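The analysis underlying the following values was restricted to heavy atoms, covering all of them including side chains, and did not include hydrogens, waters or symmetry mates. These figures come from a predicted structure and were not determined experimentally.
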Amino acid sequence: MTLTAKPARLTTAAATFEADFKARLHWSADTDAAIEQRVADILADVLQRGDVAVLDYTQRFDGLAVDTMQALELTQAELKVAFDGLPAAQREALQAAARRVRSYHEAQKKANGESWSYLDEDGTLLGQKVTPLDRVGIYVPGGKAAYPSSVLMNAIPAHVAGVAEIIMVVPTPKGEKNPLVLAAAYVAGVSRAFTIGGAQAVAALAYGTSSVPKVDKITGPGNAYVAAAKRRVFGTVGIDMIAGPSEILVLADGSTPADWVAMDLFSQAEHDELAQSILLCPDAAYIDAVQAAIDRLLPTMPRAEIIAKSLNGRGALIQTRSMEEACAISNRIAPEHLEVSSSEPHRWEPLLVHAGAIFLGAYTSESLGDYCAGPNHVLPTSGTARFSSPLGVYDFQKRSSIIEVSAAGAQALGTVAAELAYGEGLQAHARAAEMRLTPVPPMRGNP
């Protein structure tokens with residue numbers, strides 16, 4: 001049977017556009033009750049039985065015939081062997097990508113990741129101390145595809161931030177280890193790595209076992225079980241975000257070759273049947289050309305079946321009245337990846353305020369950002385770019401307030417603090433401030 005991919009064809013001029021648009025855009029981040037209950041059971045089991053439970057689930061879900069956790073830990077020597085065994089072109093590409101990702105995140109750290117302080121008029125020192133997390137866990141997907149780029153994007157900013165220990169978990173179904181993933185762990189400076197995945201890996205990182213150390217934060221995307229597990233362990237550890245299916249929105253003025261745009265839509269659709277690819281363009285003839293390119297190029301794609309399901313189920317080609325309207329709709333969507341495929345990208349960029357990453361100009365394919373441009377490819381999905389940011393150095397740091405009050409400062413601040421504390425009925429708070437005053441006033445009764 002011949003595969004076809006027909007994204008929904010919409011126009012903002014249609015009376016039914018709003019309803020059609022919302023129906024196509026809708027995706028629920030909620031997992032079903034069966035997944036939630038299964039994940040809860042796995043987390044509780046790992047918390048109680050530790051390594052034994054992790055081994056059980058790894059044997060069951062990944063099909064690995066192993067009896068010890070030591071068999072699931074990758075040594076630094078194994079990572080180096082994987083790196084050394086890559087073809088020269090892959091080694092060089094991996095190192096080039098790592099250099100660019102590290103350079104970008106080092107610039108990010110210098111921009112806003114340092115401690116600071118100042119003295120006020122009373123000689124009181126106020127500031128903020130920025131320190132790295134001690135230990136983080138990075139989850140690298142390993143089911144439908146292997147993602148060495150995810151290793152770089154999670155481990156390198158943690159390394160730049162100064163995290164002392166980076167623990168990687170990656171599922172290896174049937175024991176198949178991807179050498180590029182292992183080599184990426186070597187290049188990125190991963191401290192320890194375990195071939196475990198799913199909710200049990202999240203539980204092991206969150207709670208710790210006799211083999212897997214407990215971490216302070218877990219980052220990295222995964223399937224519905226991983227997302228549900230991260231949601232449940234938040235509070236015990238930090239997490240980066242709850243990731244949904246991948247998304248791309250192409251905002252086009254018709255000046256980019258239609259084949260390029262069609263392939264950019266494919267680049268997200270090939271991830272997952274639930275991935276979303278949307279084109280916004282005011283030129284109907286250009287949208288026709290993109291659909292024709294989709295029809296022509298789809299049969300050449302190894303993952304054509306996944307692409308077709310994604311485009312048929314969640315894709316859309318939307319004709320707008322203008323580029324300005326396209327920008328407004330883009331802000332409503334708040335996409336993970338936003339390509340401004342225009343001859344004047346800087347004309348439209350100021351109008352775009354909600355997106356995980358913005359790719360300007362026809363030559364800036366989203367795939368360059370995925371692998372080697374430098375900025376992080378772990379991005380907010382499902383409209384959360386309205387309030388969330390890409391993964392970065394700041395996700396691996398924490399901030400402590402610094403306060404050193406001088407004797408003169410205590411006189412000014414003490415009366416203010418005492419007045420407010422008495423007003424709240426907290427006499428010990430008030431008295432602690434008043435004892436630093438000269439002379440010490442008598443303690444008041446209840447307000």
Could you tell me the separation between the CG atom of Leu72 and the CG atom of Asp67, rounded to the nearest 0.5 Å?
10.0 Å

Pairs flagged by salt bridge (Lys or Arg N to Asp or Glu O under 4.0 Å) wherever residues 352-370 is involved - sequence neighbours left out:
none

From the list Asp240, Asn376, Thr219, side-chain hydrogen bond (donor to acceptor under 3.5 Å, both in side chains) partner of Asn154 resolves to Thr219

In this structure, CG of Asp295 is separated from OG1 of Thr4 (nearest 0.5 Å) by 8.0 Å

What are the two closest non-hydrogen atoms of Tyr394 and Ser389, and how far apart are they?
OH-CB, 4.1 Å

Check whether any side-chain heavy atom of Tyr207 sits under 4.5 Å from a side-chain heavy atom of Val233, and report yes or no.
yes

Please find the pair of heavy atoms, one from Pro221 and one from Ala243, that lie closest to each other, and give the distance.
CB-CB, 4.1 Å

Apply side chain to side chain contact (heavy atoms under 4.5 Å, CB included) to residues Ile138 and Val190 and explain how you reach the verdict.
CA-CA 9 Å; Ile138 64 171; Val190 167; 4.2 Å; yes

Donor-acceptor under 3.5 Å (Asn331 side chain, Ala328 main chain)
no

Is any side-chain heavy atom of Phe21 closer than 4.5 Å to a side-chain heavy atom of Ile333?
yes

Do side-chain atoms of Arg399 reach the backbone of Gln128 as a donor and acceptor pair under 3.5 angstrom?
no

Is it true that atom NZ of Lys6 has more than 12 heavy atoms of other residues, nucleotides or ligands lying nearer than 6.0 Å?
yes

Which value, rounded to the nearest 0.5 Å, describes the distance between Glu270 atom CD and Met301 atom CE?
7.5 Å

Does the distance from a Lys or Arg side-chain N to an Asp or Glu carboxylate O, for Arg9 and Asp288, drop under 4.0 Å?
yes

Answer yes or no: is there a donor N or O on one side and an acceptor on the other, between the side chain of Glu247 and the main chain of Ser382, under 3.5 Å?
yes

Could you list the donor-acceptor pairs under 3.5 angstrom formed by side chains in residues 84-92, with sequence neighbours left out?
from: Asp84; atom 1: OD2; to: Lys80; atom 2: NZ; distance (Å): 2.8
from: Arg91; atom 1: NH1; to: Asp84; atom 2: O; distance (Å): 3.4
from: Arg91; atom 1: NH1; to: Leu86; atom 2: O; distance (Å): 2.6

Can you check side chain to side chain donor-acceptor pair (under 3.5 Å) on Thr12 and Glu325, steps first, answer last?
CA-CA 9 Å; Thr12 57; Glu325 184 181 47; 2.8 Å; yes

What I'd like to find out is whether the side chain of Pro132 reaches to under 4.5 Å of the side chain of Phe396, using heavy atoms alone.
no

Ignoring hydrogens and geometry, is there a side-chain-to-backbone donor-acceptor pair from Glu78 to Leu74 under 3.5 Å?
no

Check the pair Val170, Tyr147 against side chain to side chain contact (heavy atoms under 4.5 Å, CB included), reporting the backbone distance first and the verdict last.
CA-CA 10 Å; Val170 55; Tyr147 296 101; over 6 Å; no

Look at the side chain of Lys230 and the backbone N and O of Met241, then say whether any donor-acceptor pair between them is shorter than 3.5 Å.
yes

Is it true that Lys309 and Glu305 have a side-chain N and a carboxylate O under 4.0 angstrom from each other?
yes

Just wondering, do Val54 and Val212 contact through their side chains at under 4.5 Å, heavy atoms?
no

Any donor-acceptor pair under 3.5 Å from Arg192 side chain to Ile167 backbone:
no

Where do Asp62 and Thr58 land on the side chain to side chain donor-acceptor pair (under 3.5 Å) test, with the steps shown first?
CA-CA 5 Å; Asp62 290 342; Thr58 301; 5.0 Å; no

Between Arg231 and Val39, is the side chain to side chain contact (heavy atoms under 4.5 Å, CB included) condition met? List the steps.
CA-CA 10 Å; Arg231 185 184 295 112; Val39 166; over 6 Å; no

Mind checking whether His377 and His337 have side chains closer than 4.5 Å, heavy atoms only?
no

If I compare all heavy atoms of Arg321 with all of Ala13, which pair ends up nearest, and what's the gap?
NH2-CA, 3.4 Å

Is there a donor-acceptor pair closer than 3.5 Å between any side-chain N or O of Tyr286 and the backbone N or O of Thr256?
yes

Rounded to the nearest 0.5 Å, what separates atom CD1 in Ile307 from atom CG in Asn312?
11.5 Å

Set out, in order, the CA-CA distance, both residues' side-chain angles and the distance that settles side chain to side chain donor-acceptor pair (under 3.5 Å) for Ser246 and Glu336, then state yes or no.
CA-CA 7 Å; Ser246 191; Glu336 179 187 16; 3.2 Å; yes

Partners passing side-chain hydrogen bond (donor to acceptor under 3.5 Å, both in side chains) against Asp259 (at least two apart in sequence or in another chain):
Arg296

Answer yes when Asp216 and Lys398 have at least one side-chain N-carboxylate O distance shorter than 4.0 Å, and no when they do not.
no

Minimal non-hydrogen separation, Ile294 against Ala5, with atom names
CG2-O, 3.7 Å

For Leu64 and Ile196, what are the C-alpha separation, side-chain angles and deciding distance, and is it a side chain to side chain contact (heavy atoms under 4.5 Å, CB included)?
CA-CA 10 Å; Leu64 298 184; Ile196 57 176; over 6 Å; no

Where is the tightest heavy-atom contact between Ala275 and Ala269, given as atom of each residue plus distance?
CB-CA, 4.2 Å

Using a 3.5 Å distance criterion without hydrogens, assess whether the side chain of Ser277 forms a donor-acceptor pair with backbone atoms of Leu265.
yes

Would you compute the distance between atom CD of Glu339 and atom CG of Leu251 and round it to the nearest 0.5 angstrom?
10.5 Å

Let me check something: any side-chain donor-acceptor pairs from residues 344-357 under 3.5 Å, sequence neighbours excluded? List them with distances.
from: Glu344; atom 1: OE1; to: Arg347; atom 2: NH1; distance (Å): 3.2
from: Trp348; atom 1: NE1; to: Ser342; atom 2: OG; distance (Å): 3.4

Donor-acceptor contact present, side-chain Tyr139 to main-chain Gly198, <3.5 Å
yes

Give a yes or no answer on whether the side chain of Asp264 reaches the backbone of Ser365 with a donor-acceptor pair at less than 3.5 Å.
no

How many angstroms lie between OG1 in Thr384 and CD1 in Ile242, if you round to the nearest 0.5 Å?
10.0 Å

For Phe83, give me all partners under ring-ring contact (aromatic ring centres under 6.0 Å, His included), at least two apart in sequence or on another chain.
Tyr186

Might you point out which heavy atoms bring Ala204 and Val46 nearest each other, and give the distance in Å?
N-CG1, 3.8 Å

Output yes when Arg332 and Glu18 qualify as a salt bridge under the 4.0 Å nitrogen-oxygen rule, no when they do not.
yes

More than 12 heavy atoms from other groups under 6.0 Å of CZ on Phe17:
yes

Do the non-hydrogen side-chain atoms of Ser211 and Asp51 ever get within less than 4.5 Å of each other?
yes

Under 4.5 Å between any side-chain heavy atoms of Pro245 and Gln276, yes or no?
no

Does any part of the side chain of Thr209, heavy atoms only, come nearer than 4.5 Å to the side chain of Phe194, both counted from C-beta?
no

Does anything in residues 156-174 pair up under side chain to side chain donor-acceptor pair (under 3.5 Å), and if so which pairs, sequence neighbours excluded?
Arg102-His159, Arg135-Glu165

